[in-house]
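Right, one structure below, let's go through it.
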Amino acid sequence: MEIGKERILLKSIDSTNTHALQLAEKGYPHGTVVVADSQTKGRGRHGRIWYSPEGDNIYMSIILKPPVAKGRKGLGMLSLLTIMSAVAVSEAIEKETSILVKVKWPNDIMVSDGRGFKKVGGILSEARFLGTELEFAIVGIGINVGPFENIPPEIMDSATTISVAAGKDIDSNDLLEGILRSFDNWYGFLLRGHRKEILKRWRELSLTLGQEVMAIAGERIIRGVAIDIDDYGRLELRLSSGKIKRIDSSDIVHLR
Ligand code: BTN
């Protein structure tokens, strides 16, 4: 297995993504994984804080150096990596725990708590480009595994943990190993050019497709029905005018 062959295990770090970026710059190889028990400056998407206390959660970042990724292919590769990561993580959680897992676009990992879906994890992909060439990517994965007390009060309504959803204690180390195996498998698939299969699996896991959503893209609010994702992982919305609008990177709210 290439992913996770080299591992850096830390008690605490500012952010495993920041650390992995520094290591990748120093020449650490493809597949290196940085894992921490806690983070003091865990980062979420859109510059948000990722609350990262100690206590059986997963905080890890994977260094990826895809072989050929020039020009448009570099950007395309990054978005595919993000989609692929959500698929790999979701499948691993399903396999290790038998919980029903869904993905909220672009890559929020959601599980059912009986009344609805709540977020258990997220993925932050970052990359360094040399011009248009993708030099390396860092895929950061954060999963709430431990007790519900680990969830900060502000997000208690919208978030949960794997152990709470499973109704029993789930070992975060076993889950981490499962995620790395699944990641290695799906990454191999991506390298062999099975883009369509990755997108197909993402569509099957999607909680967003078919839903009426509101997207907040910078200052703009767009409302429409999510009908598909394109080859670059962009969400396609059908507006009330019938027009199709592609959303690149934003937060969405499911309206129903
Ligand atoms: C999101 O906003 O949903 C993405 C959250 C990603 C959090 C993980 S935890 C491990 C890695 N290190 C970070 O600082 N962030 C990611």
Side-chain angles (χ1 to χ4, degrees), residues 3-4 7-25 28 32-64 78-79 81-90 92-93 101-111 117-128 136-146 150-152 154-162 172-173 175-176 179-180 183 202 205-208 215-217 233 235 247-254:
I3 305 290
R7 299 188 193 189
I8 317 290
L9 306 176
L10 304 160
K11 192 100 198 88
S12 180
I13 190 77
D14 49 359
S15 150
T16 55
N17 260 39
T18 308
H19 196 62
L21 278 164
Q22 289 159 356
L23 296 182
E25 267 163 11
Y28 272 68
T32 302
V33 174
V34 178
V35 182
D37 289 344
S38 66
Q39 301 182 116
T40 53
K41 284 191 185 141
R43 299 189 279 112
R45 293 175 64 239
H46 301 298
R48 280 190 289 253
I49 291 169
W50 186 259
Y51 188 66
S52 311
E54 207 184 329
D56 265 346
N57 292 330
I58 293 176
Y59 312 111
M60 72 165 157
S61 301
I62 306 172
I63 298 177
L64 299 167
L78 182 63
S79 43
L81 270 178
T82 307
I83 293 286
M84 183 229 93
S85 305
V87 168
V89 170
S90 305
I93 297 174
V101 185
K102 291 278 176 193
V103 180
K104 182 179 158 200
W105 183 84
N107 44 22
D108 284 354
I109 311 297
M110 314 289 287
V111 297
F117 282 88
K118 289 188 168 181
K119 181 163 172 171
V120 277
I123 296 168
L124 177 67
S125 349
E126 299 180 297
R128 202 170 83 179
F136 58 78
I138 306 294
V139 173
I141 301 167
I143 316 272
N144 306 328
V145 185
N150 281 355
I151 306 284
E154 341 50 285
I155 55 166
M156 272 180 174
D157 287 344
S158 58
T160 189
T161 82
I162 299 280
S172 58
N173 290 321
L175 184 56
L176 189 141
I179 292 174
L180 292 180
F183 203 98
W202 188 94
L205 287 163
S206 170
L207 198 61
T208 303
I216 303 137
L235 188 66
I247 311 281
D248 232 331
S249 159
S250 99
D251 282 325
I252 57 162
V253 178
H254 288 194

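Numbering of ligands and ligand atoms starts at 1, following listing order.
- Taking a heavy-atom cut-off of under 4.0 Å, ligand 1 is surrounded by Ser15, Thr16, Asn17, Gln39, Gly42, Arg43, Gly44, Arg45, Trp50, Tyr59, Met60, Ser61, Asp108, Lys119, Gly122, Ile123, Leu124, Gly140, Ile141, Gly142.
- Distance alone, capped at 3.5 Å, places no donor-acceptor pair between the Ser61 side chain and the Gly140 backbone.
- Remark: side-chain polar atoms of Thr18 are not paired, donor with acceptor, to backbone N or O of Asp14 under 3.5 angstrom.
- A distance-only check finds no donor-acceptor pair linking the side chain of Thr32 to the backbone of Tyr28 [under 3.5 Å].
- A side-chain donor from one of Asp56 and Ser172 sits under 3.5 Å from a side-chain acceptor of the other.
- Without hydrogens or angle criteria, Asn17 side chain to Arg43 main chain gives no donor-acceptor distance under 3.5 Å.
- Gln39 places a side-chain N or O within donor-acceptor distance of the main-chain N or O of Thr16, the cut-off being under 3.5 Å.
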